[in-house]
Amino acid sequence: ALGAVPSAVVKTLQRQWPAEVPGVVHQMLAFERLAPERVDEFGPAPGSEGGGSAWAALKSVLECAGNVARAVSRGLLVMFDDADRLGGGELEALGYLARSLSRDGLPVAILFSGGPQLAERFARAGDLSGCLWLTRLGRLDESEAREALVVPAADRGVEFQQDALELLCPAAGGSPLELQRLGFAAWSAAAGAEVVTLADAYSALGLLAAATEAKAS
């Protein structure tokens with residue numbers, strides 16, 4: 001996963017500050033042709049599982065990007081969704097990198113999100129725990145669950161029918177993760193329509209039940 005991040009960072013900087021990033025682009029191109037001696041210059045992160053060149057490229061690009069962000073009085077936030085799918089070595093390497101950026105005073109932060117098992121993965125990632133602030137999402141009440149479905153959809157011109165909400169929200173049981181899964185499945189079942197119907201909600205429940213059964217078997 002670490003190898004894909006530098007290119008994403010550079011593309012984001014190009015969109016945000018097109019006049020400020022030629023140095024970052026040059027750095028990125030240089031690391032795409034990374035020589036072994038340049039890896040040794042940075043040194044592999046603890047637990048990087050042999051991904052020294054990917055980690056070195058990410059370190060260099062985030063340092064350069066942080067300097068660009070600081071020059072324009074802004075910051076850079078790098079977000080990893082489904083972070084529980086990262087390897088333990090990757091998590092530890094990212095923790096090492098976060099501390100390095102912080103020591104240098106660069107305005108770069110790393111945010112992880114994932115399922116309930118993420119906390120356990122962090123606990124096994126060694127040095128990462130020293131720079132980690134855990135925020136657990138509790139159960140959503142009925143009004144919060146409705147808002148979590150309705151507001152993002154409305155921002156994109158999509159409406160959830162009342163009876164669809166009455167089916168999906170209790171089915172999620174207040175779990176933010178289950179609500180996200182059900183909302184996505186219902187939205188997908190609507191196939192681009194502007195209204196998510198009760199039939200779409202039933203389809204979402206069926207899809208997730210089938211996926212759970214397949215995973216269990």
Check your understanding: Do L198 and L207 belong together in a cluster built from hydrophobic side chains that touch within less than 4.5 Å?
Key -> no

Review point. If you draw a 6.0 Å radius around CD in E144, do more than 12 non-hydrogen atoms from other residues or ligands fall strictly inside?
Key: yes

Exercise for review: Flag yes if more than 12 heavy atoms outside Q117 fall under 6.0 Å of its CD atom; otherwise flag no.
Suggested key: yes

Practice item. For residues Q162 and R146, determine if any side-chain heavy atom of one lies less than 4.5 Å from a side-chain heavy atom of the other. Key: yes

Check your understanding: Would you say F80 and E90 make side-chain contact, with heavy atoms under 4.5 Å?
Key -> no

**Study point:** D200 side chain near T197 side chain, heavy-atom distance below 4.5 Å
**Key:** yes

Study note, to complete from the structure: Value for CG (D141) from CD (E147), rounded to nearest 0.5 Å, stands at 9.5 Å

Exercise for review: Evaluate the side-chain proximity of V196 to L149: yes if any heavy-atom separation is below 4.5 Å, no if none is.
Suggested key: no

Review point. What distance separates R181 CZ from L179 CG, expressed to the nearest 0.5 Å?
Key: 11.5 Å

Point to revise | Qualifying residue, where the test is side chain to side chain contact (heavy atoms under 4.5 Å, CB included) with E63 and the options are L58, L97, D104, V108 | key: D104

Check your understanding: Are V72 and V78 joined in one hydrophobic group, where the rule is that I, L, V, M, F, W and Y side chains link up if heavy atoms are under 4.5 Å apart?
Key -> yes

Practice item. Look at atom CD of Q180 and say whether more than 12 heavy atoms of other residues, nucleotides or ligands are closer to it than 6.0 Å. Key: no

Check your understanding: For L168 and A204, which heavy atoms make the closest approach, and how far apart are they?
Key -> CD2-CB, 4.5 Å

Check your understanding: If you group Ile, Leu, Val, Met, Phe, Trp and Tyr by side-chain heavy-atom gaps below 4.5 Å, do V5 and V68 land in one group?
Key -> yes

